[in-house]
Number of protein chains: 2
Amino acid sequence: MTGRRRVTHSLEAVLEEAIALLDEAGEPALTFRALAGRLGGGVASIYWYVASRDELLDRATDEVMGRLLEGTADLGEGPDPVADLRAMLLALFEEMRRRPWFGTYMLRNTGLQPNSMLMFDRLGQQTMRLDLTPKQRFHAVSSLVSYVVGVAADMAQPPPQEFLDSGLEPARFLELYADRWRALDPERYPFAHHVADEFAVHDDEDVFRSGLDLLLAGIRAQAGGHGS
Amino acid sequence: MTGRRRVTHSLEAVLEEAIALLDEAGEPALTFRALAGRLGGGVASIYWYVASRDELLDRATDEVMGRLLEGTADLGEGPDPVADLRAMLLALFEEMRRRPWFGTYMLRNTGLQPNSMLMFDRLGQQTMRLDLTPKQRFHAVSSLVSYVVGVAADMAQPPPQEFLDSGLEPARFLELYADRWRALDPERYPFAHHVADEFAVHDDEDVFRSGLDLLLAGIRAQAGGHGS
DNA sequence: TCGAAAGATAGAACAGCGTTCGATAGAGTG
DNA sequence: CACTCTATCGAACGCTGTTCTATCTTTCGA
């Protein structure tokens, strides 16, 4: 009848709380002490389930990737493999937007991430429905993944401190950033001036989709342009 | 005539030594204490030149980017803007291969990196020679940069510990990695099996070039396919 | 030539981090 | 009851970025 002096954990609970921590305050916020505090236990207990912080991050990202795979399990049976590829990668983008920390650690193929490997494979399976050589397929998927990761890294950048301080809404802050481009020397930075207006109103998803469609168009052309 | 009790530094010397440290042992090796040791002085002295570790990394990357810009200053005047774009991005890739730490911190547009902005602009200037809308140009450059960054993030991954321990040469280790793909369940990972042979002999630069050419082909098509 | 101010260096300490060690509580089993 | 195995946790270690404060060195005007 004496109240529990000790807390009991589980790998699931640890990952759950780790993901929550990452979602709330980003990757640097995931510390063993913060996590232990949330779990109501001691720091060293976490090491029973996980060998290091790196492994914790690996397992957390793979957990998220697993959920994403479940949520998009229906994709991959459409008539147009390129359209399926597009849908999968857009889902990946959406998740990265929801969880900026996810993108950065996604590609760490440490062997401890079976679900990341599975996502890679599912993308590849779509290219197997296209008239390409194995080499072309490998290059295509690698390029798509690299592109996604690059966008992810971009979006994972925390907003600068001045933004957090200003309390401005994102759109307004973007405008302010564009002004900074317009203030640059036009001789040295002609392109910055040329696209400042565009930059001021751009939408991340638009930009992502446009690059993605460039890649997919190239892949489709390689495959002989079958399909729409 | 009394020997100097104090060491004198300079921002140049600090960055020089920081870059050397990064080159030799990667990003985690850049600590204030290691840097101070190399400079033969105290830790706190570095803070006279740099406000934080982040700023140090920013300045180091920007320094490298500056040298890269100098080294490729001749690019941008060729007859084919797409070919110039390609050459610039290949130079960027080469630098990332030489300095894995460079890629990861390249895109941090913190405002403290004028040379990164200049590189961005020089890429954009090439698109201004193409028949595109400003929006298309902005998207094109953004996509290209994202792609480069994604590849960079991939290559910045340190080789796993087992590789360092094994003492195997890279090619042999790649083969060993491919074997691991081949050991996966063929039902679940058909693509991994399909491209395992390709993966075993792949060259990073090949893969990079192939994705890059997909993007550039798409951009050229948007511009109406002028040029070769 | 002096002295004050400015520029630059550095020792020591602080808080926080990942990680390890050793002790120990609790559950299951004979 | 005692023994064993799993799981938990307090305390410490070494490392990190960062700050505080003292002090040396140079500059420059009076």
(request) Indicate whether any N or O donor in one side chain lies under 3.5 Å from an N or O acceptor in the other, for A:Gln113 and A:Thr61. (result) yes

(request) Provide the closest heavy-atom pair for A:Ala192 versus B:Met117 in the form atom of the first, atom of the second, distance. (result) CB-CE, 3.8 Å

(request) Mind calculating the distance between CZ (B:Arg53) and P (C:dG16) to the nearest angstrom? (result) 19 Å

(request) Kindly say if A:Tyr47 contacts the phosphate of D:dA7, meaning a side-chain N or O under 4.0 Å from OP1 or OP2. (result) no

(request) Measure the distance from CG on A:Leu11 to P on D:dT6 and round it to the nearest whole Å. (result) 17 Å

(message) Checking side-chain polar atoms at under 3.5 Å, does B:Arg137 have a donor or acceptor matched by the opposite partner on A:His194?
(response) yes

(request) Could you identify which residues of residues 28-42 of chain B place a heavy atom less than 4.0 Å from some atom of DNA chain D, listed by residue number, or say none? (result) B:Leu30, B:Thr31, B:Phe32, B:Arg33

(message) Tell me if the centroids of the rings in A:Tyr47 and A:Phe32 come within less than 6.0 Å of each other.
(response) yes

(message) Measure OH/B:Tyr49 against P/C:dG7 and give the value in whole Å, please.
(response) 12 Å

(message) Any side-chain N or O of A:Trp48 below 4.0 angstrom from OP1/OP2 of D:dT8?
(response) no

(message) I need the CD1-C1' distance between B:Ile46 and D:dT16, as an integer number of Å.
(response) 13 Å

(message) Filter on ring pair (Phe, Tyr, Trp, His ring centres under 6.0 Å), then keep only pairs touching residues 143-170 of chain A, sequence neighbours left out; what's left?
(response) A:Tyr147-A:Phe208, A:Phe163-A:Phe173

(request) Establish, with yes or no, whether the OP1 or OP2 oxygen of D:dA7 is under 4.0 angstrom from a side-chain nitrogen or oxygen of A:Ser45. (result) no

(request) Between A:Val43 and B:Ala44, name the one whose nearest nucleotide on DNA chain C is closer to the 5' end. (result) B:Ala44

(message) Can you confirm whether or not the ring centre of B:Tyr189 sits under 6.0 Å from the ring centre of A:Phe120?
(response) no

(request) Measure from NE2 on B:His9 to C1' on C:dG7 and round the result to the nearest Å. (result) 13 Å

